[in-house]
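Notes for the one structure printed next.
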Amino acid sequence: MEISKAYDPKEAEEKNYQRWEALGFFAPEINENPHAEPFSIVIPPPNVTGSLHMGHALQHTLMDVLTRWKRMLGYRTLFLIGSDHAGISTQLMVTRQLKKEEHKSPKDIGREAFTAKVWEWKNKYGGEITRQIRREGLSVDWTRERFTMDENLSKAVRNVFVRLYEEGWIYRGTRIVNWCPKDKTVLSDLEVKEEKAKDGKLYFLKYPVLSGPGAAATGLSLTVATTRPETMLGDTAVAVNPSDDRYKDLVGKTIALPLTSREIPIVADDYVESEFGTGAVKITPAHDANDWELGERHNLEKLVVMNDDATMNAAAGPDFEGLDRYAAREKVIEKFDELGLLEKIEDYDVTLPHCERCKTVIEPLLSEQWFVNMSEMRDLALKLMREENTPRFFPEVPHKKVYTTWLENLKDWTISRQLWWGHQIPAWYDTEGNVYVARTEQEAQKQAGTHELKQDPDVLDTWFSSALWPFSTLGWNGEMTDSDDLKVFYPTDVLVTGRDILFLWVSRMVMTGMKFIGQKPFDDVVITGTVLDKNGQRMSKTKGNGIDPLDVFAKYGVDATRMTLAGSSTGVDFAWRDEKVESFRNFANKIWNATRFCLMNSEGASVSFEAGLPAAGLSLPDRWIVSRLNKTAKALDHALATYQFHEAVQLLYHFFWDDFCDWYIELVKDEITAGDVAASTRILSILEQALRMLHPFMPYLTEELWQMLPGVSSGLHNSAYSSADQTIMLTDFPVCSDALLDDAAETEMGAVIELITKVRNIRAEMNISTAIKFTVHIAANADTQNIFRSNEAQILKLARAEKLVITGDLDVPRTSAKGVTAAAAIAIPLEGLIDFDKERERLQNQIEKLDIELQRLNGQLSNENFVAKAPAEKVKELRDRQGEIGQQVTVLKQNFDVLK
RNA sequence: GCCGACUUAGCUCAGUGGUAGAGCACUCGCUUCACACGCGAUAGGCCACAAGUUCGAAUCUUGUAGUCGGCACCA
């Protein structure tokens with residue numbers, strides 16, 4: 001078979017993915033076992049406007065590893081993909097496009113035409129990300145791909161809304177909300193990000209005090225401090241702390257609010273901190289959440305002075321009407337200055353709320369919106385955590401606590417959005433403004449007894465539909481509540497996602513899952529770390545330091561990228577380095593070439609299931625590699641079951657490169673190249689098992705190579721997939737057979753490896769050319785002698801020696817280089833080649849090293865407390881080690897003395 | 001302000017009570033018939049600092065410093 005010298009991922013990636021998908025390998029229906037255990041994962045639905053980034057690639061890789069692993073173990077797996085309509089992002093994107101191409105705004109064309117345009121955009125450009133996902137090799141079931149605005153998912157949204165409304169959890173109310181003046185919509189608290197303002201200022205304004213309502217000026221003034229002077233136009237009180245002696249006498253008096261004709265009261269409230277600023281606070285109930293609450297307590301007027309675009313409205317007065325909030329701020333300050341009422345301006349570090357999406361400073365605004373009271377659902381989620389410790393977080397610390405604390409302090413969720421793209425709120429109003437919440441307009445009309453209804457123009461927060469994702473995608477829509485998929489695949493097994501949507505999404509899925517299905521949506525939640533750039537900085541568009549996964553795929557291959565991502569420690573941030581991918585690219589090439597070697601010498605041999613089993617006459621290397629394989633399978637199972645992907649990657653890397661390539665192939669190479677069919681069969685079979693273990697991580701490479709192996713067929717499939725076309729994807733995942741663990745073989749092989757390494761070490765340190773063959777004298781006990789004798793050919797080859805003299809005692813000329821291993825003493829006569837100074841130095845170094853350890857052991861073992869209190873097993877272990885090292889030191893010292 | 005994480009070899013990171021590990025980089029040697037994206041052999045660390053618990057601490061506790069993150073507040 002012709003096989004190139006280096007692995008080229010491109011061809012394998014395209015060809016194999018198409019084949020897998022076309023043959024239906026990704027769908028749960030491929031599983032023929034009616035009793036198969038289900039395993040399901042839903043992908044966090046990416047925004048339909050989004051494109052793939054490293055965070056996705058990381059999460060997706062982990063999910064696919066788990067899915068492929070479970071599928072190979074015979075589970076009926078569903079890996080579900082879909083996308084999110086992403087209300088604001090998508091609406092903004094299409095709005096921009098509309099402006100650019102037709103110079104029109106959404107308002108110009110109207111709601112219906114606009115949403116039609118968004119659908120058009122979605123169908124044409126949306127879902128770019130799902131196409132990119134195919135490149136990642138994800139084994140998702142494309143036949144079940146979902147979109148949050150699919151008919152069935154929309155129905156689920158309406159039903160959930162109506163039910164929560166009917167039960168009193170959803171309500172409409174007037175509150176101070178987070179208003180984005182640019183996007184012109186309300187946002188939930190979670191969509192607001194606090195950021196430090198660059199040049200924050202604190203303005204001290206003097207308010208003239210009147211001696212009482214309607215009374216004359218006192219000549220006194222009260223100074224208030226504010227960061228938003230423009231809001232003073234909406235002030236309806238000034239508050240001081242009731243126990244503040246400075247202002248005691250002023251409470252009950254009034255203020256002639258400058259720049260307005262209004263007179264406002266001075267009130268006392270505990271909310272005010274005397275120490276802060278001047279101890280007197282201007283109160284603007286319509287533009288500040290705290291002020292609003294204070295206003296409620298004191299029955300203050302709530303005067304709205306701004307429009308929805310953050311310009312001042314008529315109530316702000318003719319001087320200010322129409323001005324932007326920042327222009328108004330300057331003008332207010334100017335006027336105060338002119339009036340001599342500006343006391344001072346101080347620099348002040350202030351953090352301001354920003355719109356997460358467009359970065360505009362949020363304006364707190366009094367507005368009528370829809371809210372969800374989360375208390376019932378919150379309690380269900382907390383109970384689930386308290387009583388069942390579910391979901392289990394990986395890593396548990398700190399996420400369990402953060403999640404729980406957040407739930408405990410949960411506030412009402414603002415769910416209406418002033419957008420057109422999304423799930424329109426199923427509420428209708430009659431001409432008198434009465435509200436009718438219903439599943440359909442017909443139902444609402446029936447309730448209202450009239451056809452003169454207008455639907456609420458707002459849509460729901462995108463996360464409202466995402467919150468239902470684990471069950472709405474499986475067929476639940478509020479009317480159909482027991483779909484086949486729901487019965488089989490809910491709850492899902494594990495959710496893999498980033499920290500950033502722990503509150504926005506994870507917690508809400510738990511709450512809705514408990515409320516509407518009565519069951520948790522998933523058992524486990526794996527929280528991935530953040531992929532940072534090589535300097536440890538967050539990747540961001542503005543910094544331009546992002547790394548595009550597609551570029552990395554193109555450069556190093558998908559499999560190498562997957563290994564790199566999976567190789568990062570679960571939940572820990574890690575800095576991206578191309579060198580890491582490069583090393584896994586090299587690993588892929590190593591696997592390719594190891595296979596190439598096996599295939600070049602496979603005449604007459606083929607993969608054989610029995611070859612993995614021990615048989616009489618198997619050589620030490622065979623027994624050893626079988627044991628290593630099984631031990632690796634065992635550790636791999638544990639690593640994956642506990643989501644320690646990096647551990648799994650290490651195990652596979654070490655097993656394949658060190659054990660299989662560096663030792664096993666080299667040990668059996670002579671037999672293989674000599675055309676020993678039995679030996680070829682054995683190595684092909686080990687290789688085949690190794691490829692299976694690697695498959696969940698490196699799907700393309702392993703499929704490509706597996707298909708080349710002689711003797712592979714669907715006969716190697718897990719029994720659940722016996723009718724499927726042959727693929728490594730559906731083979732049985734190797735699990736450890738305890739009977740094949742062979743401690744004796746590992747110990748014996750360890751002695752051989754140590755011996756060979758020691759000889760190589762002597763050669764390297766004595767600068768003996770590999771062209772020079774020498775005799776190696778070995779002294780060891782009888783058992784060890786036998787081991788060396790029966791592996792003499794391999795030792796000679798790998799140690800590049802000509803002859804072994806295996807005895808109980810060393811009897812060698814003084815002109816020898818010496819060394820010790822745990823099991824043997826070694827001497828290599830080097831007449832004419834030996835450099836005595838160098839040899840003395842070499843021995844001295846070894847003696848010193850061992851001596852340090854020996855001293856430590858001696859110290860520990862002579863400590864009565866240690867011997868008395870440490871476990872006997874540990875004491876014995878150290879005693880054995882002490883004996884062993886003592887022996888080695890003795891031998892080395894004798895050798896050294898000979899050279900004196 | 002509250003909560004949390006991290007600090008280990010030059011770099012990026014594993015390691016959770018009992019002799020410090022990997023990959024990359026570095027040094028030395030190798031045109032060894034799968035692979036130079038390779039092979040072989042080295043070197044490199046008071047495990048941030050301090051105190052405590054323990055026979056024994058990189059690992060547990062407390063404190064300190066630095067880095068980063070989440071939440072709250074911010075007149």
Side-chain angles (χ1 to χ4, degrees), chain A residues 3 5-7 194 200 202-203 224-228 231 238-239 271-273 276-284 288 290-291 348-352 395 397-399 401-402 405-406 409 499-500 502-503 530 532 534 536 538 556 560 564 567-569 571-580 582-601 644 646-647 650 653-654 661-662 665-666 669 672-673 756-757 760-765 767-771 797-798 800 852-853 856-857 860 863-871 873-875 877-878 881 885:
Chain A
I3 170 165
K5 255 179 107 165
Y7 171 53
E194 300 289 338
L202 192 58
Y203 303 88
V224 295
T226 179
T227 54
R228 297 189 298 152
T231 63
V238 170
Y271 157 72
V272 180
E273 287 174 36
F276 191 93
T278 62
V281 188
K282 59 186 274 314
I283 300 298
T284 324
D288 182 280
N290 288 313
D291 291 5
Y348 183 63
D349 273 344
V350 63
T351 50
L352 295 174
V397 177
H399 302 109
K401 189 173 175 185
V402 170
T405 310
W406 184 77
N409 297 301
R499 280 190 280 274
D500 50 338
L502 185 61
F503 306 142
T530 309
L532 307 170
K534 66 177 189 246
R538 282 186 116 81
Y556 300 103
T564 307
S568 72
S569 198
V572 178
D573 293 355
F574 76 108
W576 182 266
R577 311 213 124 231
D578 273 359
E579 292 94 315
K580 287 184 199 169
E582 217 172 292
S583 79
F584 285 112
R585 188 269 320 261
N586 296 351
F587 181 55
N589 195 53
K590 188 76 181 173
I591 297 168
W592 178 267
N593 274 289
T595 306
R596 180 165 172 254
F597 168 76
C598 293
L599 290 173
M600 285 165 81
N601 299 285
Q644 298 180 76
H646 62 289
E647 175 67 16
Q650 286 305 309
Y653 191 95
H654 171 73
C661 293
D662 286 350
I665 289 184
E666 296 304 328
K669 196 173 244 178
I672 304 287
T673 49
I756 292 168
T757 304
R760 286 169 171 173
N761 167 246
I762 292 172
R763 180 190 291 278
E765 293 199 340
N767 287 328
I768 311 291
S769 154
T770 47
K797 182 177 157 85
L798 299 189
R800 299 186 164 276
I852 290 168
E853 198 185 338
R856 193 174 43 226
L857 287 167
Q860 209 165 348
N863 180 340
E864 283 170 29
N865 274 325
F866 172 72
V867 179
K869 295 191 180 175
E873 204 181 311
K874 181 52 66 183
V875 176
E877 195 182 309
L878 293 197
R881 180 89 185 128
I885 295 187

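Within every chain, numbering begins at 1; the chains are lettered A, B, ... in the order of the sequence lines, protein sequences first and strands thereafter.
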Have a look at [X] and say if it touches a base, only the backbone sugar-phosphate, or nothing, with a 4.0 Å heavy-atom cut-off.
X: A/Y7; value: nothing
X: A/K797; value: nothing
X: A/R881; value: base
X: A/T770; value: nothing
X: A/L352; value: nothing
X: A/D662; value: sugar-phosphate
X: A/T227; value: sugar-phosphate
X: A/C661; value: base

Starting at [atom1] of [X], measure out to [atom2] of [Y] and round the result to the nearest 0.5 Å.
X: A/D662; Y: A/H654; atom1: CG; atom2: NE2; answer: 10.0 Å
X: A/Y556; Y: A/N586; atom1: OH; atom2: CG; answer: 9.5 Å
X: A/M600; Y: A/T673; atom1: CE; atom2: OG1; answer: 10.5 Å
X: A/S583; Y: A/K590; atom1: OG; atom2: NZ; answer: 13.5 Å

Side chain of [X] only, please: which of [options] is the nearest?
X: A/N593; options: B/G18, B/A34, B/C37; answer: B/A34
X: A/Y271; options: B/C74, B/A36, B/C37; answer: B/C74
X: A/K590; options: B/A41, B/G38, B/C74; answer: B/G38
X: A/V402; options: B/G23, B/G70, B/A34; answer: B/G70
X: A/P871; options: B/A14, B/U12, B/G18; answer: B/G18
X: A/N761; options: B/U42, B/G23, B/G4; answer: B/U42
X: A/N589; options: B/C35, B/C73, B/U42; answer: B/C35
X: A/N865; options: B/G40, B/C55, B/C24; answer: B/C55
X: A/N290; options: B/A34, B/C74, B/A41; answer: B/C74
X: A/E765; options: B/G70, B/U42, B/C74; answer: B/U42

Distance-only donor-acceptor test, [X] side-chain atoms vs [N] base atoms, 3.5 Å:
X: A/R585; N: B/C37; answer: yes
X: A/E194; N: B/C74; answer: yes
X: A/K5; N: B/A34; answer: no
X: A/T405; N: B/C3; answer: no
X: A/E666; N: B/A34; answer: yes

Just N and O in the side chain of [X]: are any of them under 4.0 Å from OP1 or OP2 of [N]?
X: A/K401; N: B/G4; answer: yes
X: A/R760; N: B/A41; answer: yes
X: A/H399; N: B/G4; answer: no
X: A/K534; N: B/U12; answer: no

For [N] versus [M], give the span between their [atom1] atoms, rounded off to a whole number of Å.
N: B/C11; M: B/C26; atom1: C1'; value: 11 Å
N: B/A9; M: B/A5; atom1: C1'; value: 23 Å
N: B/A57; M: B/U67; atom1: P; value: 30 Å
N: B/U7; M: B/U61; atom1: P; value: 14 Å
N: B/C68; M: B/G63; atom1: P; value: 22 Å
N: B/A58; M: B/C6; atom1: C1'; value: 14 Å
N: B/C39; M: B/C33; atom1: P; value: 13 Å
N: B/C30; M: B/G66; atom1: C1'; value: 46 Å

Whole Å only: how far is the [atom1] atom of [X] from the [atom2] atom of [N]?
X: A/I762; N: B/U42; atom1: CD1; atom2: P; value: 11 Å
X: A/R800; N: B/C39; atom1: CZ; atom2: P; value: 14 Å
X: A/R499; N: B/G4; atom1: CZ; atom2: P; value: 16 Å
X: A/H646; N: B/U12; atom1: NE2; atom2: P; value: 18 Å
X: A/K874; N: B/G17; atom1: NZ; atom2: P; value: 12 Å
X: A/L599; N: B/C33; atom1: CG; atom2: P; value: 19 Å
X: A/I756; N: B/G40; atom1: CD1; atom2: P; value: 11 Å
X: A/H654; N: B/G15; atom1: NE2; atom2: P; value: 17 Å

Could you report the tightest heavy-atom contact between [X] and [Y], atom names first, then the distance?
X: A/D573; Y: A/L532; answer: CB-CD1, 3.9 Å
X: A/V224; Y: A/T278; answer: CA-OG1, 3.7 Å
X: A/K580; Y: A/F574; answer: NZ-CD1, 3.6 Å
X: A/T530; Y: A/R499; answer: OG1-NH2, 3.3 Å
X: A/R596; Y: A/K5; answer: NH2-CG, 3.4 Å

RNA chain B: stems of at least 3 consecutive Watson-Crick or G-U pairs whose donor-acceptor distances fall under 3.5 Å: B:1-7 with B:65-71, B:10-13 with B:21-24, B:27-30 with B:38-41, B:48-52 with B:60-64
Partners meeting side chain to side chain donor-acceptor pair (under 3.5 Å) with A/E582 (sequence neighbours left out): none
Test: A/K282 and A/D288 ion pair at under 4.0 Å: no
Along RNA chain B (nearest heavy atom to each residue), the more 5'-positioned of A/E647 and A/A594: A/E647
Contact nearer the 5' end of RNA chain B, comparing A/N601 with A/F574: A/F574
A/K874 NZ/CZ over A/F866 ring centroid, <6.0 Å and within 45° of normal: no
